[in-house]
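Every heavy atom of this structure was used, including side-chain atoms; hydrogens, water molecules and symmetry mates were not. Each chain gets a letter, A, B and so on, in the order the sequences are listed, and its residues count up from 1.
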Amino acid sequence: MKARTRVAPSPTGDPHVGTAYMALFSYCYAKKTGGEFILRIEDTDAERSTPESEATILDSLRWLGLDWDEGPDVEGPHGPYRQSERSDIYGQYAERLIADGHAFRCFCTRERLAEVRASQMKAGETTRYDGHCINISTDDAAALMAAGEACVVRMKIPEEGVCTVKDELRGDIEIAWSQVDMQVLLKADGNPTYHLAVVVDDHLMEITDIIRGEEWISSAPKHILLYEYLGWPMPKLVHMPLLRNPDKSKLSKRKNPTSIGYYKAMGFLPEALLNYLGMLGWSMPDGEEKFTLDEMIENFDLSRISLGAPVFDVDKLSWLNGRWLRETLDDGQFADRVTEWALNRDNLLKIIPLVKERVDVFSQLAPMISFFAEGMPELSPESLKVKNVEEEDVKKILQFSLWRLEAQILWERDPLNQLFVDLAESLGLKLRDVLAPIFVAISGKPVAPPLFDSMAILGPDICRARLRHAVSVLGGVSKKQVKRLEKEYKEL
RNA sequence: GUCCCCUUCGUCUAGUGGCCUAGGACACCUGGUUUUCAUCCAGGCAACAGGGGUUCGACUCCCCUAGGGGACGCCA
């Protein structure tokens with residue numbers, strides 16, 4: 001049977017290797033059956049979703065070669081593929097669930113919910129909604145709404161019994177209904193939550209197999225119940241293991257470079273990154289570690305997935321990338337790929353205005369612009385020293401800048417400039433002193449082309465990574481220090 | 001705290017009851033090739049979390065314990 005699978009990223013930040021991981025397995029699964037792979041943008045969180053993030057997600061996945069058959073930019077018979085453009089659809093189903101007695105309007109305040117949660121936590125119970133509004137009549141609800149009371153729609157959950165989640169990898173998982181919360185389906189702003197939107201869209205888009213992270217197992221009962229309430233056939237569920245940091249926690253950008261853009265900027269080949277992701281939790285029948293996307297599809301089988309959550313090991317990725325470079329590319333292709341990577345005309349045209357007036361002969365160019373094509377510059381604690389500023393404060397400057405930059409969406413010269421002007425002011429420091437260590441962290445030397453232009457060209461992934469690198473050169477920050485710094489940071 | 005998932009070398013994995021004296025790869029170490037380095041080649045180190053069952057036989061099946069992870073939001 002032809003499978004239809006999807007990857008459904010939320011455009012709230014840098015495109016994550018975890019997204020690529022799920023996309024890869026979804027893609028292989030669908031293509032193995034001759035089916036389709038769909039890209040859907042889950043931007044129901046109006047607060048955090050940005051069009052910039054969506055654009056970089058599409059770019060990143062396309063760079064990797066995971067082309068989708070249907071999606072926001074190619075359309076298809078089940079569009080639109082952006083949830084923000086489907087809001088009227090979800091409302092309809094929420095109404096239907098209410099009418100059928102499967103959902104109800106809830107007028108509880110956030111404060112009340114927080115209190116309930118806290119007391120349940122304290123009593124050692126599972127935290128869940130206490131059913132306060134479940135018996136409000138239709139008329140009363142209408143009256144409250146007419147009076148301008150804000151409300152959400154929650155789904156009803158069976159009072160007893162267990163839900164059996166059929167996982168294609170693990171078999172049956174039993175979760176008691178008493179553990180499942182009366183999930184909000186429609187938020188006060190009229191937007192659906194993930195749980196409603198994902199069920200409605202997966203059904204309407206005729207998704208047959210849901211491949212997603214293990215983190216979703218515990219909310220699977222809600223989804224299963226919604227399918228039941230709506231009378232729809234349940235797709236197959238495949239929960240992939242989660243990628244991890246070397247310390248075994250869930251892969252996160254605080255501890256590891258997680259954005260696809262970082263690996264692109266560092267000069268990894270998309271084929272190699274994809275190949276590496278493919279060998280996490282999956283292996284070729286003959287044990288070969290180097291394989292193409294097509295080879296993976298050809299040999300793809302769920303039974304070859306292992307369930308232990310793998311550590312993302314940059315060393316092994318580098319080794320694999322080296323093999324791709326040496327074994328797959330001839331000199332001509334190598335030249336083309338390097339050019340495409342950073343030495344392309346567009347990129348040079350951005351750099352040249354910054355250095356043209358600083359050189360007399362071409363040969364002066366290389367040392368001046370080498371940091372545009374470098375990974376992590378070689379730094380020493382001494383090189384990051386700033387006159388009249390304590391080393392601890394330098395570390396603080398770097399860390400605060402990093403946090404500001406992690407929140408920065410518009411990656412251009414002037415906004416970046418402003419970011420540092422603001423930071424210096426709130427810290428009560430001279431801009432020059434704040435910028436000095438940043439300059440060295442980014443360029444690796446005390447003299448270089450203008451900082452903000454350079455940062456704009458380097459892009460967010462490399463800049464953030466270099467700042468993180470600088471912090472670690474200064475000895476890094478301990479958990480205790482992070483706590484203290486975070487507190488101070490919030491008070492700025 | 002409650003619930004759920006997971007558990008083979010430091011790391012990625014092979015292993016679907018006898019082929020296991022547990023195989024491969026990364027990393028690390030040693031040696032060789034190379035004017036250097038890298039590549040490449042040869043070799044080495046290193047694991048079935050623990051305890052009970054089931055079975056003629058358990059890395060493989062079951063149970064318990066431990067460890068790790070995840071979920072517990074009007075985030076996804």
Side-chain angles (χ1 to χ4, degrees), chain A residues 8-13 16 18-19 40-49 83 106-110 113-114 117-129 150-154 162-163 165 167 169-171 173-198 212-222 239-251 276-290 303-320 322-323 325-327:
Chain A
S10 175
T12 55
H16 200 273
T19 304
R40 183 175 68 226
I41 298 296
E42 308 230 327
D43 55 352
T44 55
D45 184 354
E47 298 259 309
R48 297 197 304 146
S49 299
Q83 289 183 330
C106 168
F107 296 85
C108 292
T109 61
R110 288 168 193 267
L113 295 173
R117 218 170 279 136
S119 73
Q120 286 171 332
M121 190 77 95
K122 209 172 170 188
E125 296 164 16
T126 300
T127 54
R128 59 199 293 256
Y129 182 63
C151 75
V152 300
V153 175
R154 285 180 187 275
V162 292
C163 176
V165 179
D167 181 278
L169 264 23
R170 288 160 250 261
I173 300 167
E174 301 210 321
I175 297 175
W177 285 118
S178 63
Q179 297 300 321
V180 182
D181 200 4
M182 296 181 219
Q183 180 62 48
V184 171
L185 299 177
L186 222 51
K187 309 178 204 173
D189 66 3
N191 274 324
T193 57
Y194 167 82
H195 303 280
L196 208 219
V198 79
R212 41 144 67 146
E214 197 177 9
E215 66 213 287
W216 295 108
I217 291 179
S218 48
S219 43
K222 294 169 187 170
H239 291 103
M240 295 294 297
L242 256 25
L243 266 23
R244 305 206 240 181
N245 297 310
D247 70 0
K248 311 273 188 176
S249 57
K250 183 172 158 182
L251 191 65
Y276 180 66
L277 289 172
M279 62 189 261
L280 295 179
W282 190 82
S283 58
M284 287 288 262
D286 63 0
E288 178 55 59
E289 296 197 290
K290 180 163 169 267
S303 70
R304 298 204 61 80
I305 292 177
S306 59
L307 292 174
V311 170
F312 191 94
D313 178 8
V314 181
D315 277 348
K316 188 143 186 181
L317 168 60
S318 298
W319 162 79
L320 189 62
R323 280 192 64 184
L325 245 35
R326 289 186 291 275
E327 297 172 16

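A donor-acceptor pair under 3.5 Å is absent between the side-chain atoms of Asp181(A) and the main chain of Gln183(A), judged by distance alone. When atom types are taken as modelled, the side chain of Arg304(A) and the backbone of Trp282(A) share no donor-acceptor pair closer than 3.5 angstrom.
For the P atoms, the distance from rC9(B) to rG15(B) is 16 Å, rounded to whole Å. As rounded to the nearest Å, rC59(B) and rA66(B) have P atoms that lie 24 Å from one another. The separation of rG53(B) from rA47(B), taken at their C1' atoms, amounts to 24 Å, rounded to a whole angstrom. One P atom belongs to rG52(B), the other to rC45(B), and the distance between them is 30 Å to the nearest Å. Straight-line distance between the C1' atoms of rG68(B) and rC62(B): roughly 22 Å, to the nearest whole Å. Nucleotides rU65(B) and rC3(B) have their P atoms positioned 12 Å apart, rounded to a whole Å. Nucleotides rA49(B) and rG23(B) have their P atoms positioned 16 Å apart, rounded to a whole Å. Atom name P, nucleotides rG70(B) and rC12(B): the rounded distance is 15 Å, in whole Å.
Distance check, rounded to the nearest 0.5 Å: CG of Leu320(A) to CG of Asp313(A) gives 11.0 Å.
In summary, Glu289(A) and Arg323(A) do not engage in a salt bridge, as defined by a charged side-chain N under 4.0 Å from a carboxylate O. Taking a cutoff of 4.0 Å between a charged side-chain nitrogen and a carboxylate oxygen, Glu288(A) and Lys290(A) do not qualify as a salt bridge.
Rounding to whole angstrom units, CG of residue Leu169(A) and C1' of rU16(B) are separated by 14 Å. Counting to the nearest Å, the P atom of rA14(B) and the CH2 atom of Trp282(A) are 11 Å from each other. Across the protein-nucleic acid pair, Trp319(A) atom CH2 and rA38(B) atom C1' stand 16 Å apart, rounded to whole Å. For Asp286(A) and rA25(B), the CG to P distance is 13 Å, given to the nearest whole Å. Rounded to an integer number of Å, the gap from Leu243(A) CG to rC6(B) P is 18 Å. Taking atom NZ on Lys290(A) and atom C1' on rU13(B), their separation rounds to 19 Å, with Å as the unit. The CZ-C1' distance, from Arg304(A) to rC12(B), rounds to 14 Å in whole Å.
Note: Trp216(A) and Tyr194(A) have parallel aromatic rings, judged against thresholds of 30 and 60 degrees for the angle between ring planes.
Using a 4.5 Å heavy-atom threshold, the side chains of Arg170(A) and Ile217(A) count as touching. At least one side-chain heavy atom of Val184(A) sits less than 4.5 Å from a side-chain heavy atom of Arg154(A). Side-chain atoms of Thr193(A) and Lys187(A), non-hydrogen and from C-beta on, do get closer than 4.5 Å to each other. Within the 4.5 Å cutoff, the side chain of Phe312(A) has heavy atoms near those of the Leu277(A) side chain. Contact annotation: the side chain of Gln83(A) never approaches that of Asn191(A) to less than 4.5 Å [non-hydrogen atoms, C-beta and beyond]. Looking at Arg212(A) and Met240(A), their side chains never come closer than 4.5 Å, going by heavy atoms from C-beta outward. Counting heavy atoms from C-beta on, the side chains of Cys106(A) and Val153(A) never come closer than 4.5 Å. Within the 4.5 Å cutoff, the side chain of Arg128(A) has no heavy atoms near those of the Val180(A) side chain.
Residue contacts shown for Gly308(A) are limited to sugar-phosphate atoms, with no base heavy atom under 4.0 Å away. Among the heavy atoms of the strands, none lies under 4.0 Å from Gly322(A). Contacts of Arg323(A) with the nucleic acid, taken as non-hydrogen atoms under 4.0 Å apart, are absent.
When both pairing distances are held under 3.5 Å, rC48(B) makes no Watson-Crick or G-U pair with any nucleotide shown. As the counterpart of rU21(B), no nucleotide is assigned, since no Watson-Crick or G-U wobble pattern has both distances under 3.5 Å. Across all strands shown, the partner of rA66(B) is rU7(B), judged by Watson-Crick or G-U wobble contacts whose two distances both fall under 3.5 Å. Searching all strands for a Watson-Crick or G-U wobble partner of rU36(B) with both distances below 3.5 Å returns nothing. Across all strands shown, rA58(B) has no partner, as no Watson-Crick or G-U wobble contact with both distances under 3.5 Å is found. Across all strands shown, rC72(B) forms a Watson-Crick or G-U wobble pair, both distances under 3.5 Å, with rG1(B). Pair check for rG43(B) finds rC29(B); Watson-Crick or G-U wobble, both atom distances under 3.5 Å.
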Which atom pairs link the protein and nucleotides 44-46 of chain B when you take only N or O atoms and keep those under 3.5 Å?
none

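For Lys316(A) against rA25(B), a side-chain N or O and a base N or O form a donor-acceptor pair under 3.5 Å.
Nearer to the 5' terminus of RNA chain B, by closest-nucleotide assignment, is the contact made by Pro285(A) (compared with the other of Pro285(A) and Leu317(A)). With RNA chain B read from its 5' end, the first of the two nearest nucleotides for Glu289(A) and Tyr276(A) is the one closest to Tyr276(A).
Residue Ser283(A) places none of its side-chain N or O atoms closer than 4.0 Å to OP1 or OP2 of rU13(B).
A heavy-atom distance below 4.0 Å to RNA chain B is reached by these residues of residues 173-180 of chain A, ordered by number: Ile173(A), Glu174(A), Gln179(A).
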Footprint string (nucleotides 69-76 of chain B, 5' to 3'): B base within contact, S backbone only, - free, heavy atoms under 4.0 Å: SSSSSBBB
